[in-house]
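Encoded as structure tokens, the structure appears first; notes follow it.
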Amino acid sequence: MAQGFQADSQSNLMAETNYVGPFSRFGSTSRKDAWWVQPLLVFLVLSSFVVYATWAAFQGKHYFYGPYLSPLYSPELFGDSPHSWFGPRPDWWPQFIPWSPALLILWAPGLFRLTCYYYRGTYYKAFWADPPSCTVSEPRKTYRGEHSFPLILQNIHRYFLYIAFFFLIFLSYDVWRALWFTDPVSGEKTFGIGIGTLVLVINVVLLGGYTLGCHSLRHLVGGIRDRLSGAPVRRTAYRCVSCLNRRHMMWAWMSLLWVAFSDVYVRLCSMGVWTDWKII
Amino acid sequence: MPSATFQVQRGGAGGGRLETYTTEVAEGMVVLDAVLQIQAEQAPDLAVRWNCKAGRCGSCSAEINGMPKLMCMTRLSDLPPGKPILLQPMKAFPLIKDLVTDVSWNFRVKKMIKKFKPRPPDAADGTWRMAQEDVDRVQEFRKCIECFLCQDVCHVLREHHLFEEFIGPRFFVHVASLEMHPLDVEDRREELKKADGIGYCNITKCCTQVCPEDIHITDNAIIPLKERVVDKFYDPLKRLFGRWRGKK
Ligand code: SF4
Ligand code: SF4
Ligand code: FES
Ligand code: FES
């Protein structure tokens, strides 16, 4: 357990001594609590989500049921469902790539989450052990963080935020469509609410709470300024975003899990495994 | 009277060892009480730095069971009962002796940071006017007691020793308190990116976790500063549409 220092004449700021730490082995720490539980949980949940979302995105079927469209497939630019904007699979789609409408759009929410400040901090720990947990030693001795390529690219997060706003609009429109059920006999559309409608409503609310609590948004609506007195609209917006931002982690997880659940719900209804109960 | 066992790291820069002490403890005692009792009764040469015993001066920083904490604010009743309590000095800084480290690097870093530069006075008598709500934001950062626990826990310093390239969370809090001040007109974004190395922070929030003053270091200081750096250096649209900064 020896700690030692050696003289280092090269250094300016840390002038007198240079530290040689006792904990150089990956995972060593003096902590006595179960520090590995949290990163392990994050690793398991996040990788399960990625595996499931990838699998679901490549399916290309069972992504709609009645008036519902799975959020993993929304907006459906091209596709065979009634939700498609521009008709069926385009001719220019390369033959060697499996076709699925989700592949056209899923990059956007994917990169939004990948560059999210909260997720960054948490996956650097859980997937890259950088650090595995606070005061626990790391596997690598070199470190560049977000100071240089490639992680410096994380700085474009705000651009994915702009795109995410459009997704919120599309998903809200999906909720609107999920209120209109087609009568199988007459073909008439009537207002209704099914369990699936509620699933999609909750999905938009959770994604809204996540997106509107974004750190970049907090900066853009008010954080950018040092004085908000005398700017009532900005001040209110800053306060609202800050309020959601305080629980950004919670919104991030709830919205992530619910997106997956919404897809599972639509998928199982479409496969006939679950029955979608109508409330009204 | 019940007793508790402490494993205290002893020794200086040349090497250290863990020594075990058992001492009587009473209800309401904090770790520093026990350390001072050990010093009084068993180890008069045990080096420990402290001043206020009230979480105000920031001098009793150490690592208790591997986590950076103030000894005077850590109650024995909050530690796992019946198990020996491990006490070590802060790992990120040069060790002087026993539990005392040399934190002077921090004071040298502080001198590098551009000072407060207020706009011209608002009134003829040389005074300024500020709205309370505008000051509230920086008020949080002024709670800092310079205990340097956040510097100690930050892996950029602790594990990677980037003392020349990275100023550490404490000083991002300090820069934030100046940069977001309603009167300040200085621009510190270039320094933040280059000399201060804000890009090395990977927002893993260990600093926030250990701050005894409950300052939301990562969410309220570092990330907003990162966003201001993005405005200046990484946002092509913003650069394209003029140099509008929106400050003040
Ligand atoms: S959030 Fe940044 S400054 Fe704070 S401990 Fe982590 S790397 Fe260091
Ligand atoms: S920010 Fe918090 S942890 Fe860091 S030096 Fe100040 S009071 Fe201590
Ligand atoms: S910081 Fe999490 S979504 Fe922007
Ligand atoms: S002795 Fe002052 S903070 Fe602990």
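Throughout, protein chains are lettered first and strands after them, A, B, ... in sequence-line order, and every chain is numbered starting at 1.
Side chain of A:R218 to backbone of B:P224: no donor-acceptor contact under 3.5 angstrom is found. The closest donor-acceptor contact from the side chain of A:K125 to the backbone of B:T204 lies under 3.5 Å. A donor-acceptor distance shorter than 3.5 angstrom exists from the side chain of B:D134 to the backbone of A:S229, with no hydrogens or angles considered.
Distance check, rounded to the nearest 0.5 Å: CG of A:D226 to CE of B:M130 gives 12.0 Å. Here the OG1 atom belonging to A:T122 is positioned 10.5 Å from the CD1 atom belonging to B:I203, to the nearest 0.5 angstrom. From A:L153, atom CG reaches atom OH of B:Y234 across 10.0 Å, with rounding to the nearest 0.5 Å. Interatomic distance, CZ of A:R227 versus CZ of B:R137, reported as 13.5 Å (0.5 Å rounding). Here the CD1 atom belonging to B:I223 is positioned 9.0 Å from the OG atom belonging to A:S216, to the nearest 0.5 angstrom.
More than 12 non-hydrogen atoms from other residues, nucleotides or ligands lie less than 6.0 angstrom from NZ of B:K115. At most 12 non-hydrogen atoms from other residues, nucleotides or ligands lie less than 6.0 angstrom from CZ of A:F166. Heavy-atom neighbours of A:M250 CE from other residues, nucleotides or ligands within 6.0 Å: above the threshold of 12. More than 12 heavy atoms of other residues, nucleotides or ligands lie within 6.0 Å of CD in B:E133, so this atom counts as buried by the packing criterion.
Only the backbone of A:T142 comes within contact range of chain B, with heavy atoms under 4.5 Å apart. When heavy atoms are compared at a cutoff of 4.5 Å, A:D130 approaches chain B by way of both its backbone and its side chain. With a threshold of 4.5 angstrom between heavy atoms, A:Y238 approaches chain B through side-chain atoms but not through N, CA, C or O. Residue contact with chain A, scored on non-hydrogen atoms closer than 4.5 Å, involves the side chain of B:L162 exclusively. Residue A:L151 does not touch chain B at all, counting heavy-atom pairs closer than 4.5 Å. Heavy-atom distances place the side chain of A:R235, and not its backbone, under 4.5 Å from chain B. For B:D152, no part sits under 4.5 Å from any heavy atom of chain A, backbone or side chain. The part of B:C201 that comes within reach of chain A is its backbone (N, CA, C, O), which places non-hydrogen atoms under 4.5 angstrom from that chain. There is no contact between B:P80 and chain A, counting heavy-atom distances below 4.5 Å. With a 4.5 Å cut-off on non-hydrogen atoms, B:K83 does not touch chain A at all.
Checked against the 6.0 Å centroid criterion, the rings of A:Y143 and B:H155 qualify as a close aromatic pair.
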- request: With salt bridge (charged side-chain N to carboxylate O under 4.0 Å, His left out) as the test, would you mind laying out the steps for B:R158 and A:E138 before giving the verdict?
  value: CA-CA 11 Å; B:R158 178 190 186 86; A:E138 298 170 23; over 6 Å; no
Check against side chain to side chain contact (heavy atoms under 4.5 Å, CB included), B:N202 and A:W128: CA-CA 11 Å; B:N202 68 350; A:W128 202 240; over 6 Å; no
message: With side chain to side chain contact (heavy atoms under 4.5 Å, CB included) as the criterion, how do B:F233 and A:N155 come out once you've worked through the C-alpha distance, each side chain's angles and the decisive distance to 0.1 Å?
response: CA-CA 9 Å; B:F233 295 100; A:N155 284 310; over 6 Å; no
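Of the listed residues A:H248, A:Q154, A:R144, the one with more heavy-atom pairs under 4.5 angstrom with chain B than any other is A:R144. When each of A:G223, A:A231, A:S133 is scored by its heavy-atom pairs under 4.5 Å with chain B, the top score falls to A:G223. With respect to chain B, the highest number of heavy-atom pairs below 4.5 Å among A:R120, A:R140, A:E146, A:K32 belongs to A:E146.
Under the 4.5 Å side-chain criterion, counting only non-hydrogen atoms from C-beta, A:S30 is in contact with B:Q88. For the pair B:P236 and A:Y159, the minimum side-chain heavy-atom distance is below 4.5 Å.
Of all heavy-atom pairs between B:Q209 and A:C134, the closest is OE1-SG, 3.5 Å. Closest of all the heavy-atom pairs between B:H160 and A:K141 is ND1-O, 3.3 Å. Heavy atoms only, all atoms of each residue included: A:R31 and B:G66 are closest at CG-O, 3.7 Å.
A:T135 and B:E63 are not linked by any side-chain donor-acceptor pair at a separation below 3.5 angstrom, with hydrogens and angles left out of the test. Side-chain contact, A:Y117 with B:D219: no donor N or O sits under 3.5 Å from an acceptor N or O. Side-chain contact, A:H219 with B:D231: a donor N or O sits under 3.5 Å from an acceptor N or O.
Under a 4.0 Å N-O distance rule, the pair A:R158/B:E227 qualifies as a salt bridge.
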Only pairs under 3.5 Å count here: list side-chain donor-acceptor contacts from residues 39-52 of chain A, not counting sequence neighbours, and write none if there are none.
residue : atom : partner : partner atom : Å
A:S47   : OG   : A:F43   : O            : 2.2
A:S48   : OG   : A:L44   : O            : 2.5
A:Y52   : OH   : A:D263  : OD2          : 2.5

